[in-house]
Student: 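Before I ask anything, here is the structure I am working with.
Heads up: numbering here begins at 1 and tracks the sequence. Hydrogens, waters and symmetry mates are skipped; everything else that's a heavy atom, side chains included, is used.
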Amino acid sequence: GMQRIYEGVESAMPDSNDAEAAHGDPLRENTTASDGSETSPITYGRLIARRLSRYPWYNPHRYDADDGEGERSADDPPRPSLDAAWAYFEHHTLPRYIVGDASSVRPGDLREKAHRGDDAEGRPTRLYDVWDTAEADLVEFGLGFSTHFYWLRTLTCLMFVAGLASLPNAVYFGSEQYRGDAAAAGAVRTRGSAVCTDVAWVACPTCRSFDMAEEGYAAMKGRISKTASPADGSSPLYYILKNRCEVSTAQGAVCLAVFFFVVLALVVAIVQSARQGKAADKKVQTADDYTLRITNPPEDARDPEEWRAFFNAAFAGEDGHAVTCCTVVLNNGALLRKLVERRAALRALSLAAGGKKAKEKKLRDRVDALTEQVQKMEEVPPMLEVLVTFETEHLFDGAWKALSIPWEGLCCAPKLPSRLLFRGDRVLAVEKSPTPSQIQWGEVGIGVAERRARTALSFVLFA
């Protein structure tokens with residue numbers, strides 16, 4: 001609740017020192033939109049801090065000016081200000097969106113998320129409100145945010161409806177008709193559930209046909225009992241704990257109806273979630289809207305201009321150009337890790353200088369060995385993939401539809417036009433480029449075999 005917006009408190013600026021500190025600070029001055037409405041409300045936490053700042057036990061620095069230090073010159077550093085700290089927190093930590101300008105509205109009436117300190121550049125912003133923020137506006141934080149809250153809302157409503165539909169069963173399971181007269185007064189925690197507390201021990205003559213002496217008897221311990229073996233050597237008599245609760249076809253029908261309703265609703269929700277995700281992706285421009293990822297490039301195709309020429313020839317627009325940027329990605333993850341290791345060894349060597357000669361010689365030999373390994377790895381690093389960014393989203397969609405074929409069709413080069421075959425014979429395996437937030441940066445450069453081995457080990461240890 002401390003992050004909720006308080007709409008009308010900018011007039012409650014602290015007096016004296018805090019007011020002086022606010023002078024000329026665009027983060028703490030009032031900003032108004034073209035219609036005259038206030039665009040920089042503050043949080044309840046900041047309002048409380050302002051009210052308490054007038055007391056010395058809360059903000060003792062506010063009274064430093066009255067301690068006989070004399071006048072402060074322009075070169076003196078500003079006094080500490082809690083309100084300035086709150087202003088920085090609100091404008092650089094809490095999320096805000098741009099207001100007061102028609103250009104700040106994205107396609108589909110999405111609020112444009114402000115960057116840190118946009119107020120200092122003359123762009124008025126407002127804090128996102130807890131209750132006023134639409135689900136569509138969360139796309140600005142990433143597609144995962146809007147999807148999370150969509151499923152949170154959907155599952156909440158779904159479980160509520162399913163609970164209402166199951167009320168007849170809950171009422172019956174909590175009644176004396178199901179639980180019995182004696183048990184109806186107790187077992188409050190299980191009342192309304194199908195747990196049966198109305199039980200009784202009954203004789204089971206047919207239990208002799210089972211192997212109740214070993215595994216069967218041990219498995220049903222607490223639910224079956226037997227008398228002592230008779231002196232004449234005959235089999236003992238078994239007793240079982242029988243539920244006396246009665247369940248009719250009506251309760252089963254309600255359970256089945258609720259089950260199929262939940263399954264059907266989940267299917268509809270999944271389809272709707274996919275549609276909303278595509279619509280949201282169109283409203284927010286991300287890397288995967290323009291960039292193709294080629295995962296099977298030839299090892300010797302290291303010239304970005306060759307890739308640019310291929311895609312320009314195959315998918316050229318009206319101006320004869322299709323590609324705006326092309327990146328050849330080299331698998332230098334092992335090289336980077338080796339460089340980090342060499343840097344750590346150099347640092348250890350510098351710290352050991354002037355110490356024991358044996359230790360210094362050992363570290364120097366380690367640095368020389370790592371330097372030699374780095375030089376060998378720098379010669380020809382293996383290729384990993386190629387990233388091709390198109391001029392427009394329309395050109396990207398055309399290339400994606402033309403080149404995205406099932407993996408089993410990669411061997412069927414004759415089915416594709418020759419203009420779509422790289423170097424005349426290579427069928428390219430393409431994917432949509434992930435956004436930076438989707439990349440596991442710690443795993444960049446790890447091979448497929450090692451990645452599968454890690455996945456298998458993680459599954460064995462934690463699954």
Student: Apply salt bridge (Lys or Arg N to Asp or Glu O under 4.0 Å) to D365 and list each qualifying residue two or more places apart in sequence or on a separate chain.
Tutor: K361

Student: Side-chain contact test, heavy atoms from C-beta onward, threshold under 4.5 Å: evaluate it for D289 versus F396 and give yes or no.
Tutor: no

Student: With side chain to side chain donor-acceptor pair (under 3.5 Å) as the test, pick out the partner of T125 among K113, E112, R96.
Tutor: R96

Student: Tell me, with the steps shown, if S273 and Q276 meet side-chain hydrogen bond (donor to acceptor under 3.5 Å, both in side chains).
Tutor: CA-CA 5 Å; S273 176; Q276 287 190 2; over 6 Å; no

Student: Supply the atom-to-atom distance E90 CD to D83 CG, rounded to the nearest 0.5 angstrom.
Tutor: 8.5 Å

Student: In Å and rounded to the nearest 0.5 Å, what is the CG to CZ distance from D303 to R308?
Tutor: 10.0 Å

Student: Could you tell me whether the side chain of E306 reaches within less than 4.5 Å of the side chain of F422, counting heavy atoms only?
Tutor: yes

Student: Could you report the tightest heavy-atom contact between S53 and L82, atom names first, then the distance?
Tutor: OG-CD1, 4.1 Å

Student: With rounding to the nearest 0.5 angstrom, report the CG to CG distance, D129 to D137.
Tutor: 11.5 Å

Student: Ignoring hydrogens and angles, tell me if any N or O in the side chain of S458 forms a donor-acceptor pair with the backbone of R454 under 3.5 Å.
Tutor: no

Student: Quick check: do V427 and L421 have side-chain heavy atoms less than 4.5 Å from each other?
Tutor: yes

Student: Nearest 0.5 Å, what's the CG-OG1 distance between L152 and T147?
Tutor: 12.5 Å

Student: State, with a plain yes or no, whether a side-chain heavy atom of L266 is found less than 4.5 Å away from one of L264.
Tutor: no

Student: Sequence neighbours left out, what passes side chain to side chain donor-acceptor pair (under 3.5 Å) with E299? Give chain and number order.
Tutor: R302

Student: Say whether, by atom type as modelled, one donor and one acceptor occur between the side chain of N169 and the main chain of Q251 under 3.5 angstrom.
Tutor: yes

Student: Taking the side chain from Y150 and the backbone from A269, do they hold a donor-acceptor pair closer than 3.5 Å?
Tutor: yes

Student: Could you walk me through whether L52 and W57 pass the side-chain contact (heavy atoms from CB on, under 4.5 Å) check?
Tutor: CA-CA 9 Å; L52 296 179; W57 52 266; 4.1 Å; yes

Student: Quick one: are F89 and T43 in side-chain contact, heavy atoms under 4.5 Å?
Tutor: no

Student: Taking D300 first and then R423, would you say they form a salt bridge - that is, a charged N and a carboxylate O separated by under 4.0 Å?
Tutor: yes

Student: Where do L428 and F310 come nearest, in terms of heavy atoms and distance?
Tutor: CD1-CE2, 3.8 Å

Student: Provide the closest heavy-atom pair for P304 versus C326 in the form atom of the first, atom of the second, distance.
Tutor: O-SG, 3.8 Å

Student: What distance separates I294 CD1 from E431 CD, expressed to the nearest 0.5 Å?
Tutor: 10.0 Å

Student: Under the side-chain contact (heavy atoms from CB on, under 4.5 Å) rule, what do L138 and T133 come out as? Steps first, then yes or no, please.
Tutor: CA-CA 8 Å; L138 297 177; T133 302; 4.3 Å; yes

Student: Given 3.5 Å as the limit, does a donor-acceptor pair link the side chain of R419 with the main chain of A314, or not?
Tutor: yes

Student: What pair of heavy atoms forms the shortest contact from L292 to W400, and how long is it?
Tutor: CD2-CE3, 3.5 Å

Student: Answer yes if the ring centres of F149 and F141 are under 6.0 angstrom apart, and no otherwise.
Tutor: no

Student: I need the T154 OG1 to M159 CE distance, nearest 0.5 Å.
Tutor: 10.5 Å

Student: Side chains of F315 and L403, heavy atoms from C-beta outward: is any pair under 4.5 Å?
Tutor: yes

Student: With under 30° as parallel and over 60° as perpendicular, where do the rings of F390 and F311 fit, or are they tilted in between?
Tutor: perpendicular

Student: Do the side chains of W86 and R50 get nearer than 4.5 Å, heavy atoms only?
Tutor: no

Student: Against W307, only a single residue in L387, V328, T327, N312 fulfils side-chain contact (heavy atoms from CB on, under 4.5 Å); can you say which?
Tutor: V328

Student: Checking side-chain contact (heavy atoms from CB on, under 4.5 Å) for the pair L94/Y128: CA distance, chi angles, key distance, verdict?
Tutor: CA-CA 8 Å; L94 299 183; Y128 282 93; over 6 Å; no

Student: Is the CZ atom of R153 crowded by more than 12 outside heavy atoms at less than 6.0 Å?
Tutor: yes

Student: Could you tell me if the side chain of M383 sits less than 4.5 Å from the side chain of L330, heavy atoms only?
Tutor: yes

Student: Of the non-hydrogen atoms in P297 and V386, which two are nearest, and what is the gap between them?
Tutor: CB-CG2, 3.9 Å

Student: More than 12 non-hydrogen atoms from neighbouring residues, nucleotides or ligands closer than 6.0 Å to OH on Y58, yes or no?
Tutor: yes

Student: For the residue pair N296 and A429, what are the closest heavy atoms and their distance?
Tutor: OD1-N, 2.8 Å

